[in-house]
Amino acid sequence: MTDTELPLPPWRRGVSKRARPVRPALSQAQIVDAGLRIVTEEGIEAVSMRRIAAVFHTGASSLYAHVANKEELLQLMFDRICGDIDVPVPEPGRWREQIKQMARSGHAVMGRHNDIARAALATVPSGPNALRVSEGMLAILLAGGVPPKVAAWALDRLFLYLVADAYEGSLHAQAAAGRGVTEGEYGDTFTDQLAGYFENLPVDRFPHLRANARVMTSGGQDERFEFGLDLIIDGLARYARS
């Protein structure tokens with residue numbers, strides 16, 4: 001009698017020695033969770049159907065019953081994080097602060113997930129969470145007296161500002177990590193070098209860049225983000241009716 005033909009001990013009767021553990025059924029939520037873990041730790045370039053399938057010890061083909069392709073997966077991932085954005089009930093007298101509050105919340109959420117903001121560029125996020133955010137922002141603008149067309153177009157421009165700024169921030173963070181320094185150290189070095197470059201430009205051709213080199217490179221990322229937000233919201237206030 002060979003080893004494979006040995007009888008089962010009494011406490012294992014009814015269990016085949018050749019039986020393999022059954023893999024739990026995958027769900028779209030599990031796939032999105034795995035994608036978010038990868039993008040947060042390694043960046044959007046590391047996300048692939050094959051890479052996520054490996055997390056579940058299966059083949060990429062088993063994912064396609066839940067997600068059509070990588071592009072759809074990225075959209076689902078982005079929509080998932082939109083669920084973490086706070087959407088307040090519109091208060092007409094506080095519409096400007098409420099829009100800024102939502103903008104800060106969205107910017108912070110994207111910043112917590114590496115370069116996930118890239119997934120929203122050149123697309124129109126239309127998942128349930130993204131629609132909830134758009135609906136909330138539009139409701140606040142309209143309640144504040146901003147005309148519908150201005151509010152709708154402003155929503156597009158504001159969203160582009162948030163996504164682009166968050167994505168650029170992720171690129172700086174990746175550059176800092178690649179150099180083995182903190183983001184603050186990387187930023188200080190970069191701005192100091194840039195200011196020095198401006199200050200050494202030919203004065204006859206670039207007098208204003210030379211004279212204002214330190215001003216142009218001053219301010220941190222958060223400070224500049226708030227400045228840009230003020231520019232957009234203050235511009236919108238010109239259109240708001242009482």
Side-chain angles (χ1 to χ4, degrees), residues 39-40 42-46 74 78 81 85 95-125 133 137 141 144 146-147 149-240:
V39 77
T40 301
E42 303 176 45
I44 206 167
E45 286 294 338
L74 292 177
F78 188 81
I81 69 168
I85 299 175
W95 73 269
R96 280 186 278 193
E97 183 52 39
Q98 284 191 311
I99 286 293
K100 289 180 182 180
Q101 176 185 337
M102 286 193 69
R104 295 182 190 114
S105 177
H107 191 265
V109 166
M110 285 185 274
R112 290 197 292 269
H113 295 281
N114 207 326
D115 56 354
I116 188 65
R118 175 176 154 187
L121 291 172
T123 65
V124 180
V133 172
M137 282 187 142
L141 292 173
V146 180
K149 179 181 178 181
V150 176
W153 286 19
L155 194 63
D156 172 63
R157 295 296 92 184
L158 181 58
F159 183 74
L160 181 60
Y161 173 62
L162 298 180
V163 169
D165 193 87
Y167 180 48
E168 183 179 61
S170 73
L171 296 179
H172 287 309
Q174 290 172 5
R179 289 165 173 76
V181 298
T182 67
E183 290 182 49
E185 291 170 336
Y186 171 80
D188 290 343
T189 300
F190 177 78
T191 54
D192 189 60
Q193 290 177 340
L194 184 60
Y197 174 73
F198 285 157
E199 288 173 333
N200 285 286
L201 289 171
V203 66
D204 57 325
R205 295 174 57 194
F206 306 103
H208 301 299
L209 286 177
R210 279 181 57 117
N212 296 283
R214 296 294 162 176
V215 175
M216 291 184 64
T217 56
S218 65
Q221 184 178 357
D222 292 341
E223 188 177 1
R224 284 173 172 257
F225 174 74
E226 287 292 329
F227 175 74
L229 201 54
D230 285 340
L231 287 179
I232 295 173
I233 304 307
D234 289 347
L236 272 175
R238 294 173 40 224
Y239 298 91

Can you find a pair of side-chain heavy atoms, one from [X] and one from [Y], that are under 4.5 Å apart?
{"X": "Ile81", "Y": "Met110", "answer": "yes"}
{"X": "Thr123", "Y": "Phe78", "answer": "no"}
{"X": "Val133", "Y": "Met102", "answer": "yes"}
{"X": "Ile233", "Y": "Leu236", "answer": "yes"}
{"X": "His208", "Y": "Met216", "answer": "no"}
{"X": "Trp153", "Y": "Lys149", "answer": "yes"}

Please check if atom [atom1] in [X] has more than 12 non-hydrogen atoms from other residues, nucleotides or ligands closer than 6.0 Å.
{"X": "Asp156", "atom1": "CG", "result": "yes"}
{"X": "Tyr161", "atom1": "OH", "result": "yes"}
{"X": "Phe206", "atom1": "CZ", "result": "yes"}
{"X": "Arg104", "atom1": "CZ", "result": "yes"}

Nearest 0.5 Å, please: how far is [atom2] in [Y] from [atom1] in [X]?
{"X": "Glu168", "Y": "Gln221", "atom1": "CD", "atom2": "CD", "result": "7.5 Å"}
{"X": "Thr189", "Y": "Leu194", "atom1": "OG1", "atom2": "CG", "result": "12.5 Å"}
{"X": "Ser218", "Y": "Arg224", "atom1": "OG", "atom2": "CZ", "result": "6.0 Å"}
{"X": "His107", "Y": "Asp165", "atom1": "NE2", "atom2": "CG", "result": "3.5 Å"}
{"X": "Gln98", "Y": "Leu141", "atom1": "CD", "atom2": "CG", "result": "10.0 Å"}
{"X": "His172", "Y": "Phe190", "atom1": "NE2", "atom2": "CZ", "result": "6.0 Å"}

*Does the side chain of Asn114 pick up a donor-acceptor pair with the side chain of Gln174 at under 3.5 Å?*
yes
How close do [X] and [Y] get, heavy atom to heavy atom, and via which atoms?
{"X": "His113", "Y": "Val109", "value": "CD2-O, 3.2 Å"}
{"X": "Asp192", "Y": "Arg214", "value": "OD1-NH1, 3.2 Å"}
{"X": "Ala117", "Y": "Ala166", "value": "CB-CB, 4.0 Å"}
{"X": "Ala151", "Y": "Val146", "value": "N-CG1, 3.6 Å"}
{"X": "Ile44", "Y": "Arg118", "value": "CG2-NH1, 3.4 Å"}
{"X": "Gly144", "Y": "Ala240", "value": "O-CB, 3.6 Å"}

*Identify whether the distance between the nearest side-chain nitrogen and carboxylate oxygen of Lys100 and Glu226 falls below 4.0 Å.*
no
*Out of Ile116, Leu162, Asp115, which residue meets the side chain to side chain contact (heavy atoms under 4.5 Å, CB included) rule with Tyr167?*
Asp115
